[in-house]
Q: 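Okay, handing you the structure first.
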Amino acid sequence: LGYRTPLPRGSFVDPPRRQGVPAPAAILFASLLGVLALLLAGLLGGIRYQALWDNGRAGEAPVQSAAEFLGGLAQPVNDEWVLPAAVVRLGGSTFVLDTGNRRVLALDEDGFATTIFEDFAAGPPWAVAMTTDGDRLLVAAADEVLVISPAGDLEKNLRVRAGTAAGRPPRLVGIAADAGGRIIVSDAENHRVLVLDGDGNLLSGVGMGMRADGRDGFNSPGAVAVDGAGDIFVADVLNGRIVKLSAQGEFLREFGELGVTEGTLSRTKGLAVDSRGRIHASDGLQVGLSVFAGDGTYLRLVQSPFFESPAGVWLEDDKLYVIDRFAGLIILRLP
Amino acid sequence: MRAGSAAAAFVIIAGLALLVAGDALSDEKRVTGSSHDLAAPGNSVCASCHVPWAPDSERLWELRVDDEGPLTGFRRLCFSCHDGTVADLGIHAFDATLPEHFSQPGLRGQDCDRCHDPHREGFGQYIKLPGAANFCQNCHATAGPIQHPTDVEVVPLVDAAGSRLWNLEGTGPGSYIKCLTCHSPNRAVLESGAAGIGLLPLERRPPLCLACHLGSPGD
């Protein structure tokens, strides 16, 4: 899989390490402790879904209760990103939005980065998705959607001109594409979700152009995702909920509630829907991933000592790629 | 006599309670309509950052409070919006690669709230006190005049507005320099020879200065 560079560089993301114990003995000891802890937790009526990794290397995590740790990369081997915000997999490669440096990086399997695109004149890139045909990147930056090839060629620059009565230009912070080639973006500035055709023309929009709740409103919409049926999921960040819309933009369901405890939503930053219809929502304040069933039932919170501020997430098969604004790339295997 | 004491105590306690309640009410009123009024209409403006069962706490939304790392103390709560998504990145967002003004994470009045009060927008950038141009002086003036590396004396009437450094009629000896022209309390750069002094990143320093000083300390 690659990306097994130990998270670190002597920086704040160093995971806690044991000192003075030979690694195999420590692993065996920790594994025994982990099994005992799991058994005890099970006997007491519930397992707390918290991944406890002590060294950041694949296959050595002593306790893996909710998601298996597959690898991580605090920084590219040959470069440094600043506050990366989003990640996407395309054609077997990993692409990261290096938001602080306004560029798109391609990572190879050894963790080396290549800058493929950095011409973000309108503003830093915030969200990335894959085009419907799976061949190109869709990048949201300020009021633009850029279609970029894996080699970094800019194929389209779609300026979203749908302003509001208040005259504020869109500020796009979430993006997804559906099976029909439509592009769904969230506009945090105007509290709307817009559906665009492949050329950036506005097809429909949901939202009132101001902070709102209920069936027609959003309050700072963020990440968006599309499930296998074409339904749209929107992180309605400041309303503390996830809204499910039909492909036509009709309100279908909402779930989650604003709160600070496990099972609530504090500040949702990334969204992904897996093949079983489960929704994985990264949360910057809860410092973890809340997982919901397709009907909105809360399932669990996945946490990790590595997480500092988890943001964009991307699912490929059973692997969840999480980009953390400070800790870098973390890859998990879903249970 | 006892009845009088009880009545006096009641009045005092009631007065204190009203003062506390009044202050909280003032905060709510101050936030309403400001850029920190994040609630959808009909919802509590306080609830975006505070949970109702513990209104006195400062960081009620943080499940994890770190003593070290990039998001210590109150920063996790601030960063949850000031990360470029809810609030534009143009507004200060934490960059862990650059130093910040000294603070004591999690201590009320010594963290980000040393300079900022999220309830009070009126002084600009949620600065706590009026007199924006001379804000730095509230703390730094107590050190007395110091010799500036560029040989400009920092006098008690420092103008920190970040406006132009020079006067149209010319700047003579003893004229004051504006702090934010070269320094930054957030996302600053520490360079050798400038220990403890946060400078603006090179690209944000005034081109006029760089024309002579080349951007290197001591130049």
Side-chain angles (χ1 to χ4, degrees), chain A residues 11-14 80-83 85 99-100 102 123-127 142 171 173-174 186 188-189 191 208 210-214 217-223 235-240 258-262 264 266-270 283-288 301 303 307-309 311 325-327, chain B residues 32-54 57-72 74-100 105 187 201 203:
Chain A
S11 63
F12 49 82
V13 294
D14 272 348
E80 288 192 10
W81 51 44
V82 175
L83 295 170
T99 298
R102 294 193 180 200
W126 281 111
R171 184 164 58 83
V173 295
S186 60
E189 194 66 29
H191 310 285
M208 302 170 69
M210 55 179 287
R211 298 185 195 281
D213 53 11
F218 290 108
N219 187 356
S220 200
D236 190 9
V237 179
L238 293 181
N239 282 331
L258 196 60
V260 295
T261 54
E262 188 173 329
T264 62
S266 302
R267 297 285 192 267
T268 305
K269 299 298 176 183
D283 195 305
L285 266 183
Q286 297 197 21
V287 201
L301 178 67
Q303 291 182 300
F307 286 156
E308 288 287 349
S309 184
R325 304 302 302 279
F326 296 99
Chain B
T32 301
S34 75
S35 58
H36 278 174
D37 182 352
L38 303 175
N43 294 284
S44 165
V45 298
C46 306
S48 298
C49 297
H50 299 270
V51 286
W53 58 85
S57 177
E58 290 286 356
R59 53 171 188 268
L60 297 164
W61 278 79
E62 299 172 51
L63 289 184
R64 185 172 122 181
V65 181
D66 294 341
D67 294 328
E68 56 184 15
L71 297 177
T72 53
F74 303 155
R75 290 186 183 185
R76 186 173 299 285
L77 180 59
C78 303
F79 187 72
S80 72
C81 286
H82 287 278
D83 64 345
T85 54
V86 174
D88 194 350
L89 192 59
I91 302 169
H92 170 60
F94 305 100
D95 182 346
T97 65
L98 296 175
E100 300 282 333
R187 290 192 294 172
E203 68 276 11

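Every chain is numbered from 1 and lettered A, B, ... according to where its sequence line falls, protein lines coming before strand lines.
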Q: If I compare all heavy atoms of B/C81 with all of A/L238, which pair ends up nearest, and what's the gap?
A: SG-CD2, 4.4 Å
Q: Partners of A/R171 by salt bridge (charged side-chain N to carboxylate O under 4.0 Å, His left out), sequence neighbours excluded?
A: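 Testing A/R171 for salt bridge (charged side-chain N to carboxylate O under 4.0 Å, His left out), a comparison that skips the adjacent residues, returns A/E189.
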Q: Say you draw a straight line from CG of A/N239 to CG of B/N43; how long is it, rounded to the nearest 0.5 Å?
A: 7.0 Å
Q: How many angstroms lie between atom CZ of B/F79 and atom CZ of A/R267, to the nearest 0.5 angstrom?
A: 12.5 Å
Q: Relative to chain B, which of A/A188, A/A212, A/G214 shows the most heavy atom pairs under 4.5 Å?
A: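 It is A/A212.
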Q: At a heavy-atom separation under 4.5 Å, does A/D213 approach chain B through its side chain, its backbone, both, or neither?
A: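 The answer is both parts of A/D213.
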Q: With rounding to the nearest 0.5 Å, note down the distance linking CZ in A/F326 to CG in B/L71.
A: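 The CZ atom of A/F326 sits 4.5 Å away from the CG atom of B/L71.
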Q: Heavy atoms, side chains only, cut-off 4.5 Å: are B/P41 and A/M210 in contact?
A: yes
Q: Where do A/L285 and B/S80 come nearest, in terms of heavy atoms and distance?
A: CG-CB, 3.6 Å
Q: Output the option from A/S309, A/A223, A/P124 having the highest count of non-hydrogen pairs under 4.5 Å with chain B.
A: A/S309
Q: Taking it one step at a time, do A/S220 and B/L38 satisfy side chain to side chain contact (heavy atoms under 4.5 Å, CB included)?
A: CA-CA 9 Å; A/S220 200; B/L38 303 175; over 6 Å; no
Q: Measure the shortest side-chain to side-chain distance between B/R76 and A/V287 over non-hydrogen atoms and say whether it is less than 4.5 angstrom.
A: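 Touching, per the 4.5 Å side-chain cut-off.
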Q: First locate atom CG of B/D37, then atom CZ of A/R211, and finally report the distance between them rounded to the nearest 0.5 Å.
A: 7.0 Å
Q: Would you call B/D83 and A/K269 a salt bridge, using N to O less than 4.0 angstrom?
A: yes
